[in-house]
Amino acid sequence: MIEIFSYAFFQNALIASFLASIACGIIGSIIVVKRMSLITGSISHSAFGGLGLSYFLGFPALLGAVFFSLISASFIALIRKKALNKMDVLLSALWAIGMSLGLIFIFLTPGYSGDLFTYLFGNILLINSFDLILVFILDLIIVLVSIVFFNSFLTVIFDEEYAETKNMPVTLIYLILFSLIALTIVLLIKIVGIVLLIALLSLPAATAQLFTKTLKKMMIFASIITLISALSGVMLAFLFNFPPGPIIVLITAIFYLAGIAIKSVK
Amino acid sequence: MNKEIVSIENISFNYSGEKLLENVSLKIYEKDFVGIVGPNGGGKTTLLKLILGLLKPVKGKITVFNSTPLKGRTKIGYLSQHEYIDFDFPVTVKEIVLMSRMQNKLFKNYSEQDLIAAENALNKMKLLEMKGKKLNELSGGEKQRVFIARALASNPELLVLDEPLNNVDIFIQKDLYELLVELNKEMAIIVVDHNTEMLSKYVKEIACVNKCMINSVDYHKIKKISGENSVIISGENPEIKFSGELID
C-alpha cells in the first residue's frame with residue numbers, strides 16, 4: 001500500500017489533485033453563485049473541438065483546447081448583454097458545434113483514436129510531467145488573477161446593474177472571468193474529462209455554499225472538499241482498478257447529498 | 001437659487017415598439033426631495049434608469065451634473081428594485097456596502113479610506129451590528145438600509161431610490177422616510193413610491209409620470225407643468241387628481 005506513493009505516476013496524480021482543487025474551489029464557487037453551469041458546459045464542450053484540431057494537426061492536444069475554450073469564453077462574454085434572450089440557444093449551439101468539430105477532426109486523423117476516451121472522461125493516473133507543468137502554470141494564473149480581481153468579480157456578479165452605474169468596466173471583467181473559467185476547464189480535462197468536469201466545478205462549491213457566509217470562505221471550503229474527493233478517488237481507483245474520473249465525481253456527489261442532509265436536519 | 005443637477009428635456013422612450021415615455025421633461029435642483037408617483041407601467045422606473053444612463057432615450061436630452069448620464073452618474077447613489085439580486089448570495093452586509101468604492105475601477109484592494117467610508121455609511125443607517133450578516137438574515141427594512149448604505153458610501157450628491165418601501169414592514173416605513181429627510185440635508189433625493197400618502201408627507205415636490213407626460217408640482221406653487229394632461233397635487237391635502245387615462 002505505502003509503496004504506491006513511490007510511483008511517479010501516483011505522485012503526479014496527487015500533485016495534480018492538489019493543484020486542480022485550488023482552481024476548482026475558486027472558479028467553481030463563482031460558477032455556482034452566479035448559476036453559470038450552462039456557460040461552463042458550453043465552454044468545455046467547445047474545447048473538444050480544439051482537442052480534435054490539435055489531434056488532426058499533430059500538436060499537443062491541450063494547446064487546441066486552450067485556444068478553443070478561450071475563444072468561446074470571449075465570444076460569450078462579448079455577446080452576453082446583447083443576446084440576453086437568446087443566450088440559451090447560443091450556448092447549446094456552441095456546445096454541440098464544439099463536439100461535432102472535435103469528432104470530425106478525430107475521424108479525419110488516420111490511426112488510433114484511443115485518446116478520445118481519455119479526453120471525454122479524463123484519467124488523472126495518466127498525467128505526465130508535461131501535463132503537470134501545464135496544470136501548474138494554469139493554476140498559478142487562475143489563483144493570481146482571482147486574487148487581484150476578487151472584489152471586481154464579487155461586485156459584478158452580485159449586482160451587475162449597480163456596477164454599471166458605478167462605471168466599472170463590466171464586460172471586460174466578465175471577459176477576464178470567463179477566460180479563467182476556460183483555463184480551469186482545460187486544467188480539468190486531463191483529470192476528469194470534458195463530460196464530467198462540470199461536476200467538480202459545481203458539486204463541491206454547492207456543498208460549501210450550504211455552510212459558508214462569504215464567497216472567500218466558500219472558495220476555501222470548496223477547495224478542501226475537492227481535494228478530499230480527488231485524493232480519495234485516486235486511491236480507490238488505484239486500489240480497485242477503476243477509472244478515477246467517475247469515482248471522484250461520485251465522491252463529490254456523496255459530499256453534496258451529505259451536506260444537504262446535515263443542513264436539513266439542523 | 002439652487003444649482004440644477006439633473007435636466008430632462010423632451011425625452012421619449014420606447015419599449016418593444018410601444019411608447020413608454022413621450023416628451024417628458026423634469027428638472028432637479030440641489031437639495032431637492034422629489035417624489036415620483038404614477039400608475040404601474042407608467043414609466044417611473046424607466047425614468048430613473050434613463051437618468052442613470054442604463055437606458056437611452058430615443059429622443060430628447062438628459063444632463064446629469066452638467067454632463068452626460070454616463071459620466072455624471074458616478075455622483076448618484078442608486079437603490080434599484082433588486083430585480084436581479086440573489087438574497088442568498090454569500091456576501092456580508094459590509095462587503096455589499098464596500099462595493100460602491102469600486103467606482104471607475106477594473107480592480108482594486110480596499111484602502112483604509114474605503115473601510116472608513118463603509119463604516120460611516122453603515123453607522124448612518126444603524127447597521128454596524130449587522131455588518132457580518134448575510135442579506136437573507138435581515139428584515140425587509142434592514143435590507144433596504146443596506147442598499148442605501150451602499151449608495152451613501154460613495155459620497156453621492158444625489159440619491160435615486162426606486163420603491164424603497166418594498167417589503168418594508170408598515171410600522172417602520174415612517175422611520176425609513178425620516179432617515180431620508182435627514183439625508184436630504186446633505187444631498188438631493190429622487191424617490192419613486194406608489195404609496196402616495198406616505199410619500200407626500202415627507203417630500204418637497206411631487207412629480208407624476210404617466211406614459212405621456214410628467215408634471216412636477218411644488219407644494220405651494222406649480223413648478224412646471226408640461227404635456228396636455230396636467231396633474232394637480234394639493235400640498236395640504238395630498239390627494240392626486242388625474243385628468244386623462246389612469247390605471248390604478
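So that the names make sense, note that chain A is the first sequence line, chain B the second, and so on, each numbered from 1.
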Legend entry - Working for side chain to side chain contact (heavy atoms under 4.5 Å, CB included), residues Asp86(B) and Arg35(A): CA-CA 11 Å; Asp86(B) 171 10; Arg35(A) 303 193 180 107; 3.6 Å; yes

Inset, instruction - Decide yes or no on side chain to side chain contact (heavy atoms under 4.5 Å, CB included) for Thr165(A) and Leu54(B), but give the supporting numbers first. - result: CA-CA 7 Å; Thr165(A) 67; Leu54(B) 293 168; 3.8 Å; yes

Inset, instruction - Sort Tyr162(A) into side chain, backbone, both or neither according to what part of it lies under 4.5 angstrom from a heavy atom of chain B. - result: side chain

Inset, instruction - Verify the neighbour count for atom CZ of Phe136(A): are there more than 12 heavy atoms of other residues, nucleotides or ligands below 6.0 Å? - result: no

Legend entry - Top contributor to chain B contacts, counting heavy-atom pairs under 4.5 Å, from Ile173(A), Leu154(A), Leu172(A): Leu154(A)

Inset, instruction - Report, as yes or no, whether the 6.0 Å neighbourhood of atom CG on Asn167(B) holds more than 12 heavy atoms from other residues, nucleotides or ligands. - result: no

Inset, instruction - May I ask you to check whether over 12 heavy atoms, not counting those of Lys86(A), lie within 6.0 Å of atom NZ? - result: no

Legend entry - Within residues 104-115 of chain B, residues adjacent to chain A where the heavy-atom gap is under 4.5 Å: Asn104(B), Lys105(B), Leu106(B), Phe107(B), Lys108(B), Asn109(B), Tyr110(B)

Legend entry - Thr212(A) versus chain B, the contacting section by heavy-atom distance below 4.5 Å: backbone

Inset, instruction - Assess whether atom CZ of Phe67(A) is packed by more than 12 heavy atoms of other residues, nucleotides or ligands within 6.0 Å. - result: no

Legend entry - Criterion side chain to side chain contact (heavy atoms under 4.5 Å, CB included) on Val91(B) and Thr214(A), from CA distance to verdict: CA-CA 5 Å; Val91(B) 61; Thr214(A) 65; over 6 Å; no

Inset, instruction - State whether a side-chain donor-acceptor pair under 3.5 Å links Lys166(A) with Ser154(B). - result: yes

Inset, instruction - Kindly compute the distance separating NZ (Lys134(B)) from NZ (Lys213(A)), expressed to the nearest 0.5 Å. - result: 8.5 Å

Inset, instruction - Spell out, as yes or no, whether a donor-acceptor pair under 3.5 Å connects the side chain of Asn167(A) to the backbone of Lys71(B). - result: no

Inset, instruction - Against chain B, work out which of Val170(A), Ile176(A), Val33(A) has the most heavy-atom pairs shorter than 4.5 Å and name it. - result: Val33(A)

Inset, instruction - Would you give the length of the straight line joining atom CD of Glu160(A) to atom OH of Tyr84(B), rounded to the nearest 0.5 angstrom? - result: 9.0 Å

Legend entry - Arg150(B) side, atom CZ; Asp159(A) side, atom CG - distance, nearest 0.5 Å: 4.5 Å

Inset, instruction - Mark yes when over 12 heavy atoms from residues, nucleotides or ligands other than Asn66(B) sit less than 6.0 Å from its CG; otherwise mark no. - result: no

Inset, instruction - Would you mind checking which part of Met218(A) comes under 4.5 Å of any heavy atom in chain B, side chain (CB onward), backbone (N, CA, C, O), both or neither? - result: side chain

Inset, instruction - Could you have a look at Glu164(A), Lys216(A), Gln209(A) and say which one has the most heavy-atom pairs with chain B under 4.5 angstrom? - result: Glu164(A)

Inset, instruction - Fit a plane to each ring of Phe89(B) and Phe158(A), take the angle between them on a 0 to 90° scale, and name the class: parallel (under 30°), tilted (30 to 60°) or perpendicular (over 60°). - result: perpendicular

Inset, instruction - Check whether Ile96(B) gets within reach of chain A through its side chain, its backbone, both or neither, counting any heavy atom under 4.5 Å. - result: side chain

Inset, instruction - Examine whether an atom of Leu135(B) lies under 4.5 Å from a heavy atom of chain A, and if so say whether it belongs to the side chain, the backbone or both; otherwise answer neither. - result: side chain

Inset, instruction - For each of Gly77(B), Gly53(B), Ser80(B), Ser100(B), tally heavy-atom pairs with chain A at distances under 4.5 Å, and name the one with the top tally. - result: Ser100(B)

Inset, instruction - With a 4.5 angstrom heavy-atom cut-off, could you sort out which part of Leu79(B) is near chain A: side chain, backbone, both or neither? - result: neither

